[in-house]
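Reviewing the structure listed below.
Hydrogens, waters and symmetry mates play no part in the numbers below; they use all other heavy atoms, side chains included.
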Amino acid sequence: MLPRKNRIPRNDFPSHNVKGFRVFSPLFTGVFFKSEANNSRASVVVSKKTAKTAVDRNKLRRRFYDVVGPLFNQSGATTTVVLYPKIEAKKSSFADLETEMKKAFKTAKLIK
């Protein structure tokens, strides 16, 4: 699980008028924002349309946080990431999720 210092609190959540760099994947959509914070932060937003039960939504959220944590350690820049999982993410393996997330971070030029 991602440490609390690396998660975005509700009152600091980026609003819709803030421009970010969007990355589209078959498993999720990611929005990368420039951050003024001291460390990189992430948030995973799982809608009820994606996962009906709270158990499924929390499981997806935990899986995404587990993948993002090590990528923040590889990245040198501080950034804010908001991830929106898609329905296909429920069926995918952890390895598939990890490779797609690495592709997204490379597209956003946060890791090499």
Side-chain angles (χ1 to χ4, degrees):
M1 190 74 170
L2 197 64
R4 187 168 295 278
K5 69 176 184 172
N6 289 54
R7 288 186 250 159
I8 304 172
R10 274 184 195 248
N11 50 353
D12 288 344
F13 199 83
S15 62
H16 292 290
N17 59 1
V18 177
K19 302 257 185 200
F21 180 74
R22 291 187 181 272
V23 175
F24 299 98
S25 166
L27 301 178
F28 63 90
T29 299
V31 185
F32 296 84
F33 300 97
K34 291 183 180 177
S35 179
E36 295 89 27
N38 296 337
N39 50 7
S40 296
R41 301 182 304 173
S43 180
V44 180
V45 180
V46 185
S47 70
K48 286 187 179 180
K49 185 176 180 181
T50 303
K52 298 288 183 200
T53 64
V55 173
D56 290 338
R57 287 193 300 274
N58 290 333
K59 181 179 177 182
L60 266 177
R61 195 172 291 119
R62 277 187 241 108
R63 289 179 75 195
F64 272 82
Y65 280 142
D66 285 342
V67 172
V68 169
L71 292 175
F72 277 163
N73 294 337
Q74 294 176 7
S75 170
T78 60
T79 186
T80 300
V81 181
V82 180
L83 300 168
Y84 300 96
K86 295 181 181 177
I87 295 172
E88 292 81 19
K90 290 193 313 187
K91 301 170 193 164
S92 68
S93 67
F94 191 79
D96 292 340
L97 186 63
E98 196 170 23
T99 57
E100 287 295 323
M101 192 70 69
K102 284 182 182 178
K103 285 181 190 177
F105 269 69
K106 286 179 183 177
T107 304
K109 298 178 183 170
L110 295 176
I111 60 172
K112 293 181 182 181

Measure from the side-chain N and O atoms of [X] to the backbone N and O of [Y], and report whether any donor-acceptor pair falls under 3.5 Å.
{"X": "T50", "Y": "I87", "answer": "no"}
{"X": "S40", "Y": "T79", "answer": "yes"}
{"X": "R57", "Y": "K52", "answer": "yes"}

Give a yes or no on whether [X] and [Y] share a hydrophobic cluster (residues Ile, Leu, Val, Met, Phe, Trp, Tyr; joining criterion: side-chain heavy atoms under 4.5 Å apart).
{"X": "V31", "Y": "L2", "answer": "no"}
{"X": "L60", "Y": "V44", "answer": "yes"}
{"X": "M101", "Y": "M1", "answer": "yes"}
{"X": "F21", "Y": "L71", "answer": "yes"}
{"X": "Y65", "Y": "V46", "answer": "yes"}

What heavy-atom pair brings [X] and [Y] nearest, and what distance separates the two atoms?
{"X": "V68", "Y": "A42", "value": "CG1-CB, 3.9 Å"}
{"X": "P26", "Y": "E88", "value": "O-OE1, 3.4 Å"}
{"X": "S93", "Y": "R63", "value": "C-NH2, 3.2 Å"}
{"X": "D96", "Y": "S92", "value": "CB-CB, 4.3 Å"}

[X] side, atom [atom1]; [Y] side, atom [atom2] - distance, nearest 0.5 Å:
{"X": "F13", "Y": "T80", "atom1": "CZ", "atom2": "OG1", "result": "10.0 Å"}
{"X": "L27", "Y": "L83", "atom1": "CG", "atom2": "CG", "result": "11.5 Å"}
{"X": "S43", "Y": "Y84", "atom1": "OG", "atom2": "OH", "result": "7.5 Å"}
{"X": "N73", "Y": "N6", "atom1": "CG", "atom2": "CG", "result": "8.0 Å"}
{"X": "Q74", "Y": "K102", "atom1": "CD", "atom2": "NZ", "result": "6.0 Å"}
{"X": "I111", "Y": "K106", "atom1": "CD1", "atom2": "NZ", "result": "6.0 Å"}

Using the ring pair (Phe, Tyr, Trp, His ring centres under 6.0 Å) rule, collect all pairs that involve residues 92-112, keeping only residues at least two apart or in two chains.
F32-F105
Sort out for me which residue in K103, E100, K86 forms a side chain to side chain donor-acceptor pair (under 3.5 Å) with S25.
E100
Side chain proximity check, [X] to [Y], heavy atoms < 4.5 angstrom:
{"X": "P85", "Y": "R61", "result": "no"}
{"X": "T78", "Y": "N38", "result": "no"}
{"X": "N39", "Y": "F72", "result": "no"}

